[in-house]
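Contents: one structure, followed by commentary.
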Amino acid sequence: MVSADQFIQGFRFLPGYFDRSAQIDLLAELRQATAESPFYTPTMPRSGKPLSVRMTNLGPLGWVTDRDGGYRYQATHPVTGQPWPPIPAMVLDLWRKVADYEPPPEACLVNYYVPPARLGLHQDADERDFAAPVVSVSLGDSCLFRIGGRERASPTRSMKLSSGDVVILGGAARLAFHGVDRIMSGSSTLLRQGGRINLTLRRVTRRT
Ligand code: MD3
Ligand code: FE
């Protein structure tokens, strides 16, 4: 297993960016936000098949999917109908420090993986702005993450993402296929019940 740093232009890996105490602070922010805006089970376009990953969002826009509406961004939680809670200051700070992109993120998707949840190989292409990077934060159990190239058939590399790690996907990496193959149960004590939380920060609309 090798780092993907030299594999795709625009991929940056910052292992252990958040120390244990920052991870605990971030988790406390997420507990507050998810009390108002709970994790729900999204469904696939057309088939209506449930995803194994549970989701919620923070920020002005959230990524959602369901059978009839497909993949999209919207301002409200699909179950509660309420606006998504704000993105925590420490997450906006992270964006300012690492994204090299002036406007703040519009969407912070929060994915919650309880084994055997996984995320198949896909591209993040529902945004209008591909000039902005995607910034990801991992919390809780480690996962086996896979990243390839701009085509589904491109060769892939696997790497472990652990609690506190940050990944920045800019440049060519912004449109790379990627997925989460497996959660490594018991690899972290951060979440009492186990599992993995991932935050992905994105710009959605084009800069004017
Ligand atoms: C590579 N999330 O929400 S984060 C997603 O761990 C998503 O929950 C995964 O893929 C997760 O869409 C991966 C790392 C990541 C995020 C966005 C990317 C890698 C990426 C965009 C382009 C290329
Ligand atoms: Fe993705």
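Read the numbers this way: they start at 1 and go in the same order the structure lists the ligands and their atoms.
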Kindly check if the number of other-residue, nucleotide or ligand heavy atoms within 6.0 Å of [atom1] ([X]) is above 12?
X: Arg72; atom1: CZ; result: yes
X: Arg128; atom1: CZ; result: no
X: Asp100; atom1: CG; result: no

Atom indices of ligand 1, in the order listed, that fall short of 4.0 Å to a heavy atom of [X]:
X: Arg174; result: 22 (C)
X: Ala173; result: 22 (C), 23 (C)
X: Asp124; result: 12 (O), 17 (C), 18 (C), 21 (C)
X: Thr200; result: 3 (O), 4 (S), 16 (C)
X: Ala176; result: 22 (C), 23 (C)
X: Arg196; result: 6 (O), 8 (O), 11 (C)
X: Val180; result: 6 (O), 9 (C), 11 (C)

> Given Tyr113, Phe130, Trp63, which one has a non-hydrogen atom that is nearest to atom 11 (C) of ligand 1?
Replying inline: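 That would be Tyr113.
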What's the shortest distance from [atom] to any protein heavy atom, and which residue and atom give it?
atom: atom 12 (O) of ligand 1; answer: Arg202 NH2, 2.9 Å
atom: atom 20 (C) of ligand 1; answer: Leu169 CG, 3.2 Å
atom: atom 13 (C) of ligand 1; answer: Phe145 CE1, 3.8 Å
atom: atom 21 (C) of ligand 1; answer: His178 CE1, 3.3 Å

> When only distance counts, is Ser136 in polar contact with ligand 1, meaning an N/O pair under 3.5 Å?
Replying inline: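 No.
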> Asn111 to ligand 1: N or O pair under 3.5 Å?
Replying inline: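 N/O-N/O distance below 3.5 Å exists for this pair.
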Does ligand 1 have a heavy atom under 4.0 Å from the side chain of [X], from its backbone, from both, or from neither?
X: Gln123; result: neither
X: Leu119; result: side chain
X: Leu109; result: side chain
X: Arg150; result: neither

>> Please enumerate all residues that pass side-chain hydrogen bond (donor to acceptor under 3.5 Å, both in side chains) together with Asp93, with sequence neighbours excluded.
In response: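 Per chain and number, Asp93 pairs via side-chain hydrogen bond (donor to acceptor under 3.5 Å, both in side chains) with Arg96.
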Quick one, [X] and [Y] - any side-chain contact, counting heavy atoms below 4.5 Å?
X: Leu61; Y: Trp84; answer: no
X: Phe177; Y: Thr156; answer: no
X: Leu144; Y: Val180; answer: no

> Can you tell me the N, O or S atom of Asp124 that's nearest the Fe ion (ligand 2)?
Replying inline: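 So the atom name we want here is OD1.
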>> Checking one value in my table: which N/O/S atom of His178 lies closest to the Fe ion (ligand 2)?
In response: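 Minimum-distance N/O/S atom of His178 relative to the Fe ion (ligand 2) is NE2.
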Distance-only side-chain donor-acceptor flag, [X] / [Y], under 3.5 Å:
X: Tyr73; Y: Glu127; value: yes
X: Arg196; Y: Ser138; value: yes
X: Thr200; Y: Ser136; value: no

>> Ring-plane angle category for Trp95 and Tyr101, please: parallel below 30°, perpendicular beyond 60°, tilted otherwise.
In response: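 Answer is perpendicular, since the angle exceeds 60°.
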> Same cluster for Leu175 and Leu121 if Ile/Leu/Val/Met/Phe/Trp/Tyr side chains link at under 4.5 Å?
Replying inline: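 No.
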